[in-house]
Number of protein chains: 2
Amino acid sequence: MRIDDVKIVDPFFSIENGWIEFGESITSYGKSTKASNSSFILMPGFVDTHVHGGAGYDFMDEKIDFRELEKHFFSTGVTSVLATTLTAPVERINNAIDNVRKRMKENPLTPLKGVHLEGPFISKKHVGAQNPDFILKGNILNLKKIVDGNEDIVKIITIALEESDDEVIDYIQSKGMTISIGHSDATFEQFIRFYKAGVKHMTHFCNAMTPLHHREIGLVGAGLKFDDVDLELISDGIHLDEEMISLILKFHPHDRIIAITDAMRAAGLKDGEYDLGGLKVKVKDNSARLKDGSLAGSVLKYNEGLRRLHDLGLNLNEVATVSSFGPSAILKSESPIGRIMPGYDADFVIMDDNFSVLKVFKKGKIVFSREGG
Amino acid sequence: MRIDDVKIVDPFFSIENGWIEFGESITSYGKSTKASNSSFILMPGFVDTHVHGGAGYDFMDEKIDFRELEKHFFSTGVTSVLATTLTAPVERINNAIDNVRKRMKENPLTPLKGVHLEGPFISKKHVGAQNPDFILKGNILNLKKIVDGNEDIVKIITIALEESDDEVIDYIQSKGMTISIGHSDATFEQFIRFYKAGVKHMTHFCNAMTPLHHREIGLVGAGLKFDDVDLELISDGIHLDEEMISLILKFHPHDRIIAITDAMRAAGLKDGEYDLGGLKVKVKDNSARLKDGSLAGSVLKYNEGLRRLHDLGLNLNEVATVSSFGPSAILKSESPIGRIMPGYDADFVIMDDNFSVLKVFKKGKIVFSREGG
């Protein structure tokens with residue numbers, strides 16, 4: 001296939017009035033000499049490494065209409081997803097992992113690329129909207145119950161390392177999985193120990209972690225201090241306000257910022273009451289909250305988060321960096337994704353300059369096309 | 001006079017094996033061709049724009065042995081001082097200002113360069129170790145009581161602008177004084193308004209101000225966001241821990257960092273109980289605290305604060321920047337200070353590479369010489 005007359009945006013270059021040829025993967029691209037008035041943008045498909053669901057479904061549900069859920073992801077420009085689990089009984093988490101594996105086998109065009117385990121190895125002090133009844137201690141015995149046999153599919157484990165045994169770091173790393181510190185009450189000093197052991201990823205930076213105080217800079221201070229730590233960023237303007245997002249964009253290398261949605265089942269649906277891991281969540285005005293007002297995941301659409309980051313100063317190449325290049329590195333996809341390069345999967349999104357998604361391609365196939373588009 | 005065989009350190013250059021000639025002001029300097037083994041450093045004298053006293057005296061005291069107090073400043077390398085007042089009855093503040101003016105007239109070699117009014121126009125919510133009974137509303141009427149007739153000498157006013165009338169900003173600026181926001185509960189949004197009106201100075205950054213939260217970044221966030229805001233920094237390792245200092249040094253332009261001591265009367269004395277504006281303060285292990293544990297100023301010696309900043313990564317030129325070039329700009333001295341340049345006051349400190357002060361010159365005269373030195 002061939003697409004003409006688009007602005008090609010890769011993390012490291014742009015081509016005005018470009019063309020691209022591809023089958024399942026990209027074969028070639030270039031710049032047309034014909035004049036063009038198109039302002040359509042072609043970027044690598046977005047990669048959401050932290051998302052719980054959408055379109056009414058949660059990855060923890062026993063039954064999921066994956067077609068509907070995938071349609072929702074594609075409609076927001078997302079072509080790769082880590083299905084993110086919650087703190088729940090071990091068998092429910094394993095069931096969720098099995099569902100994802102099954103779907104990955106049955107649909108070659110699924111955006112599902114693996115699992116992000118968020119919980120159950122978290123801190124009661126920063127439980128967020130997770131169910132504290134099912135928190136487990138982070139030790140090898142408990143980890144084995146979920147990780148063993150799932151090495152093919154679990155890519156990230158969010159864990160409160162200060163509550164865990166020291167040896168879990170080595171254990172998780174030996175499995176090739178990324179450790180992300182999160183839902184954690186770790187002090188800055190504790191983090192230094194984990195950092196030295198290779199922990200360089202933080203789950204929804206600033207949310208559910210030790211804040212910055214001027215006599216204990218906490219995990220927030222640690223994330224700002226160390227340029228080589230990947231920071232997940234929810235850019236809904238609610239989990240962090242826009243000024244905080246601006247500070248992070250100012251101070252942290254953009255290739256170490258990972259745009260995520262942390263979206264729950266209500267993403268893409270109307271306001272109302274929804275379930276999150278057995279807890280009731282009220283969705284209103286783009287926020288999802290528990291009864292006590294705590295944030296309970298987002299209802300953010302990935303492309304809308306990127307529009308906000310663009311408004312806050314990221315240029316389009318930087319937008320591609322935080323939405324594809326950065327998260328792809330963590331995902332360790334079998335075929336390369338996250339760039340516009342020959343040999344890379346033909347996963348891309350075509351959008352207008354207002355970040356409205358027009359068409360989405362997965363491995364060269366159209367998987368979303370806006371009505372009338 | 002002439003000094004040979006020193007490393008000259010200015011904010012913008014260094015000369016190994018340098019020499020300098022001076023009368024009251026610097027006349028010339030250069031590099032010697034003779035070999036040298038000296039590791040002594042000559043820098044511009046330090047400028048402390050926020051200090052309450054030392055050697056047993058507080059600028060609010062009715063009677064002060066200025067000779068003793070000045071000796072203390074010189075012994076720490078400080079050659080210029082803004083005498084800093086506290087929240088107290090108006091007549092006591094005016095009395096303190098009069099004492100300073102009198103001393104400035106009687107001793108041509110005094111380090112006193114004017115007054116920093118810290119209070120009484122502060123917020124009850126961030127009163128710190130000031131006496132809340134004497135807080136005044138920041139309005140023109142109240143400001144006139146202290147400022148009028150003291151335009152020659154008041155250089156900085158620390159003020160909680162969110163508690164003040166809007167017109168005070170114009171009023172203070174029209175007097176040529178620097179407004180420093182501090183002891184303040186201002187939100188980030190409120191600060192933006194003050195910033196647009198020209199307020200670009202923060203009193204003891206991080207202490208006694210709205211902290212950084214990821215949904216309201218407060219004054220701490222504002223100070224980090226805006227590169228053109230001068231941030232007073234207490235570098236005793238207690239008011240801010242060393243990691244917070246490191247973050248500030250990483251994120252803020254060094255020529256906008258103002259090293260201060262915020263020292264109280266016990267600086268240079270032994271541990272014990274002291275008075276601060278009528279409040280009892282216990283001094284122990286380099287910290288001064290009220291009964292309830294609140295910090296009550298520091299007992300920091302200026303040169304020791306600089307040693308810490310050097311250990312945390314500032315090179316010597318940057319140390320000169322935060323200790324002389326930056327604060328000098330605020331001080332608006334009649335004769336130029338804060339650099340090693342012909343025509344600048346011959347105010348300098350000679351120290352070893354461990355920041356131990358050996359000799360101090362004020363307007364070309366030796367005002368401190370270490371015993372045995």
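Because the structure is predicted, anything quoted here is derived from the model rather than measured. Just so we're on the same page: letters track the sequence lines, and every chain starts at 1.
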Is it the backbone or the side chain of I245(B) that comes under 4.5 Å from a heavy atom of chain A, or both, or neither?
neither

Checking heavy atoms, do the side chain of L247(B), its backbone, both or neither come under 4.5 Å from chain A?
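The answer is the side chain of L247(B).
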
Approximate separation, where rounding is to 0.5 Å, of [X] [atom1] and [Y] [atom2]:
| X | Y | atom1 | atom2 | result |
| --- | --- | --- | --- | --- |
| D48(A) | T76(A) | CG | OG1 | 7.5 Å |
| F121(A) | I135(A) | CZ | CD1 | 11.5 Å |
| T84(B) | H116(B) | OG1 | NE2 | 5.5 Å |
| D271(A) | K284(A) | CG | NZ | 8.0 Å |

Are a donor atom and an acceptor atom from the side chains of [X] and [Y] found within less than 3.5 Å of each other?
| X | Y | value |
| --- | --- | --- |
| D292(B) | S294(B) | yes |
| H50(B) | T261(B) | no |
| H52(B) | E118(B) | yes |

Under 4.5 Å heavy-atom distance to chain B, tell me which part of [X] shows up: side chain, backbone, both or neither.
| X | value |
| --- | --- |
| K250(A) | side chain |
| I248(A) | neither |
| L224(A) | both |

Within residues 181-206 of chain A, contacts to chain B at heavy-atom distances under 4.5 Å involve F188(A), C206(A)

Chain B interface, residue from E243(A), H239(A), E242(A), E216(A) that has the most non-hydrogen pairs under 4.5 Å
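If we count pairs closer than 4.5 Å to chain B, E243(A) comes out on top.
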
If you tally heavy-atom pairs under 4.5 Å against chain B, which of K225(A), H214(A), M244(A) wins?
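Maximum pair count with chain B is reached by H214(A).
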
I'd like to know if D241(B) pairs up with R215(A) as an ion pair, taking the criterion as any Lys NZ or Arg NE/NH1/NH2 lying under 4.0 Å from an Asp or Glu carboxylate oxygen.
no

side-chain hydrogen bond (donor to acceptor under 3.5 Å, both in side chains) involving N315(B) - partner list, sequence neighbours excluded:
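By the side-chain hydrogen bond (donor to acceptor under 3.5 Å, both in side chains) rule, N315(B) matches no residue at all.
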
